[in-house]
Amino acid sequence: MDKILVTGGLGFIGSHTVVELQNEGFEVVIIDDLSNSSISVLDGITSITGKKPVFEKLDLKDKAGVDVFFNTHNDIKGVIHFAASKAVGESVEKPLLYYENNINTLVYLLKQLEQLPTASFIFSSSCTVYGQADKLPITENAPVKQAESPYGNTKQIGEEIIRDTCKVTPNLKAIALRYFNPVGAHESANIGELPIGVPQNLVPFITQTGIGLREQLSVFGDDYPTPDGTCIRDYIHVVDLAKAHVVALKRLLENKNKANYETFNLGTGKGSSVLEVVKAFERVSGKTLNYKIVGRREGDIISAYADTTKANEELGWETKLTLDDAMRSAWKWEQKIRS
Ligand code: WQD
């Protein structure tokens with residue numbers, strides 16, 4: 001079976017995608033610099049699939065190291081590229097770190113793929129490229145708006161670099177997957193989200209509050225023009241998201257793509273408010289969550305949820321897991337890692 005490189009494969013979405021690739025029989029090689037992940041995730045993956053992926057600790061900024069890697073693994077047929085910095089707030093304070101780590105490394109990676117006989121490239125993008133969309137649900141044709149942060153800009157620029165390169169590189173084809181909000185964990189609780197320090201994202205902050213690691217959840221504003229006043233997002237279970245990566249990769253490997261560069265929104269198609277997520281946690285955990293309403297967070301958009309028609313029809317993929325499934329698995333994972 002084809003050998004697939006997963007960069008950032010020990011990260012949250014990366015590790016869940018490695019599991020699904022192995023479940024489908026692919027040979028997986030992981031590159032990760034461990035800057036935002038832990039080597040223990042390799043054991044977590046192995047404990048689920050029974051197959052230990054090949055792992056190489058490598059920072060994609062290390063061009064010599066990347067050269068050696070591709071000289072060794074010149075039989076790679078596909079790449080799923082997760083490795084990038086992804087903290088919105090940090091990107092505002094350190095833009096050059098984000099352009100160096102997310103853009104320079106992408107360019108060098110693509111230069112390696114140009115040398116391969118053929119390469120299928122899956123790019124980890126984000127609904128953040130849409131900003132606050134004018135129309136909901138959001139389709140892939142929605143206009144890409146001025147990025148709200150250097151992080152979001154690196155996703156927009158990344159997509160354009162890949163699109164322009166595929167246009168003139170016959171042996172390279174690519175799909176950009178625009179994630180909405182990935183949440184949850186593998187049902188085994190052997191892998192899950194491992195935020196470093198104080199979580200920026202809602203769900204890990206909720207589960208850490210539930211376990212007592214955090215005193216109280218701050219809900220950033222309840223004066224938005226939404227039914228309950230809190231922001232709305234499309235929370236997609238990370239396992240559904242991981243399966244979409246395998247389906248997209250197979251589309252390219254089996255030459256079923258309709259263009260050399262395509263984009264797909266990956267969400268549930270359903271919006272949930274912050275307070276609805278809190279209630280889902282309380283439902284699945286049986287606990288009452290300690291939270292308070294505070295002021296709005298700078299840069300938050302009001303509402304975003306996906307129109308999933310294109311992914312449903314073209315990829316033949318749809319989400320199977322619910323918000324409750326996601327909260328249940330996130331809670332099970334939190335309890336396990338704190339036990
Ligand atoms: C969701 C909602 C917050 C924390 C970000 C990135 C996006 C992607 C996913 C990488 C918002 C509210 C949150 C808290 C809260 N990352 N919230 N209290 O901002 O939609 O997306 O993560 O690709 O690019 O922008 O996700 O989980 O941070 O926030 O009230 O302690 O929860 O205001 O309404 P977001 P989030």
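No hydrogens, no waters, no symmetry mates; every other heavy atom, side chains included, goes into these values. Computed from a prediction, not measured in an experiment: that's the story for all the values here. Just follow the structure's listing: the first ligand is 1, and inside any ligand the first atom is 1.
The contact set between ligand 1 and V88, taken as ligand atoms under 4.0 Å from a residue heavy atom, comprises 6 (C), 25 (O). Near C231, meaning under 4.0 Å from any of its heavy atoms, are these atoms of ligand 1: 34 (O). Close approach of ligand 1 to V219 (heavy-atom distance below 4.0 Å) involves ligand atoms 30 (O). Using a 4.0 Å cut-off to heavy atoms of Q200, the atoms of ligand 1 that qualify are 4 (C), 28 (O).
Both the sub-6.0 Å distance and the 45° axial angle are not jointly satisfied by K77 relative to the ring of F26. Figure legend: R296 and Y224 shown as a cation-pi pair, the cationic atom lying under 6.0 angstrom from the six-membered ring centre and within 45 degrees of its axis.
Between K57 and D32, the closest side-chain pair of non-hydrogen atoms is not below 4.5 Å.
Taking 4.0 Å as the cut-off between side-chain N and carboxylate O, D134 and K145 count as a salt-bridged pair. Comment: K258 engages E314 in a salt bridge, judged by a side-chain N to carboxylate O separation of less than 4.0 angstrom.
Of the protein's heavy atoms, at least one falls inside 4.0 Å of atom 14 (C) of ligand 1.
Residue K86 places no N or O, backbone or side chain, under 3.5 Å from any N or O of ligand 1. Note: no N/O pair closer than 3.5 Å links L217 and ligand 1 by distance alone. Close N/O approach between F205 and ligand 1 is not found [any backbone or side-chain N/O within under 3.5 Å].
A tilted orientation is assigned to the rings of H16 and H186, their planes being inclined by 30° to 60°.
Checked against the 6.0 Å centroid threshold, H245 and Y179 count as a close aromatic pair.
Residue Y235 places a heavy atom under 4.0 Å from ligand 1. At least one heavy atom of Y151 sits less than 4.0 Å from an atom of ligand 1.
Only the side chain of N181 comes within 4.0 Å of ligand 1, judged by heavy-atom distances. Residue V274 touches ligand 1 through its side chain alone, judged by heavy-atom distances below 4.0 Å.
The heavy atom nearest to atom 29 (O) of ligand 1, considering only R297, E298, K155, is found in R297.
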